[in-house]
Amino acid sequence: MTTKHSINLLQAEIFPEQPLLTLARVLSVWLGLLLVMVIWSVVTEVNYKKSGAKYDALLIEQQQKQKLVKQLESELKNKQVSPALKKNLDTLKLVIQHKNVLLAKLTDSDDTFAGGFVMAMNDLSAMHHTDIRLQTISINANEMSFTGLARNPQAVPAWLAGFKTSSLLSGKAFVQFKLAKNEQNITEFVVSSVAKKGES
């Protein structure tokens with residue numbers, strides 16, 4: 001039989017419970033979110049630049065084709081029309097017609113709203129308000145809406161007033177504006193350019 005010479009008085013029950021939220025964990029989460037946002041911003045910026053480069057190349061090509069068409073039309077007026085030249089001209093006109101359709105789609109904000117969304121996100125970032133925290137952002141060709149939290153009700157109109165400095169968001173009309181306090185006494189807001197059914 002062994003003799004016990006010491007007694008452990010530090011039982012697990014007397015140790016204080018470790019808090020679930022610590023400063024280190026909160027900082028880790030914020031740093032992770034910041035990293036994700038930076039990566040997302042870089043990727044969208046790269047894609048936007050690629051689209052711009054493609055648009056510029058198509059514009060240059062279109063201008064060259066138009067110049068060639070004018071040259072061929074001028075030659076047709078001064079010379080006897082040959083079937084090969086006429087066919088070449090018709091082909092070029094068809095190509096230019098397709099290029100014009102493609103250019104129209106690239107410059108149409110309804111069809112290329114990805115680039116517009118990037119610009120809108122950049123504008124929203126530049127208009128950051130310390131008393132506003134956005135929760136959802138919905139932007140498409142027909143509707144623009146935001147929901148979030150505000151430290152005080154006056155912060156929401158002040159934040160919306162900053163839209164006039166945005167090239168993409170200025171002049172937008174919001175037909176729905178809703179403020180309400182939640183159970184934690186924090187102001188929740190909904191701003192939308194389209195009125196939701198059943199809401200005023």
Report task. Evaluate the side-chain proximity of Glu45 to Lys49: yes if any heavy-atom separation is below 4.5 Å, no if none is. Result -> yes

**Report entry** ILVMFWY cluster, Leu149 and Phe146 together (side-chain gap under 4.5 Å)
**Finding:** no

Query raised in the report: Is any side-chain heavy atom of Ile39 closer than 4.5 Å to a side-chain heavy atom of Leu35?
Result: yes

Query raised in the report: Side chain of Ser41, backbone of Met37: donor and acceptor closer than 3.5 Å?
Result: no

Query raised in the report: When rounded to the nearest 0.5 angstrom, what distance separates CD1 in Ile96 from CD in Glu61?
Result: 9.5 Å

Requested in this report: Rounded to the nearest 0.5 Å, what's the gap from CG on Leu89 to CD on Gln71? Could you check?
Outcome: 11.5 Å

Query raised in the report: Do side-chain atoms of Thr91 reach the backbone of Lys87 as a donor and acceptor pair under 3.5 angstrom?
Result: yes

Report summary line: Those residues at least two apart in sequence (or on a different chain) that pass side chain to side chain donor-acceptor pair (under 3.5 Å) with Glu73 are none

Query raised in the report: Quick one: do Leu179 and Ile137 end up in the same hydrophobic cluster if we chain Ile, Leu, Val, Met, Phe, Trp and Tyr together by side-chain heavy atoms under 4.5 Å apart?
Result: yes

Query raised in the report: Are side-chain heavy atoms of Arg151 and Thr187 found at a separation under 4.5 Å?
Result: no

Query raised in the report: Does Gln176 reach the side chain of Val191, with side-chain heavy atoms less than 4.5 Å apart?
Result: no

Query raised in the report: For Ile132 and Phe189, what are the C-alpha separation, side-chain angles and deciding distance, and is it a side-chain contact (heavy atoms from CB on, under 4.5 Å)?
Result: CA-CA 10 Å; Ile132 297 290; Phe189 66 87; 3.9 Å; yes

Query - Min side-chain heavy-atom separation Phe177-Val190 under 4.5 Å - result: no

Query raised in the report: Got Leu134 and Trp159 here, is their nearest side-chain heavy-atom distance under 4.5 Å?
Result: yes

Requested in this report: Of all the heavy-atom pairs spanning Val156 and Ala150, show the shortest one and how long it is.
Outcome: CG2-CB, 3.8 Å

Query raised in the report: Do Lys65 and Leu92 come close enough that some side-chain heavy atom pair is under 4.5 Å?
Result: yes

Report task. Drop me the distance from Lys93's NZ to Asn88's CG, to the nearest 0.5 angstrom. Result -> 11.5 Å

Query raised in the report: Taking side chain as C-beta onward, heavy atoms only, is Gln62 less than 4.5 Å from Leu59?
Result: yes

Requested in this report: Spell out, yes or no, whether Leu68 and Leu94 are grouped together once hydrophobic residues are joined by side-chain heavy atoms under 4.5 Å, including indirect joins.
Outcome: no

Requested in this report: Indicate yes or no for a side-chain donor-acceptor contact from Ser193 to the backbone of Met144 under 3.5 Å, with no hydrogens or angles considered.
Outcome: yes

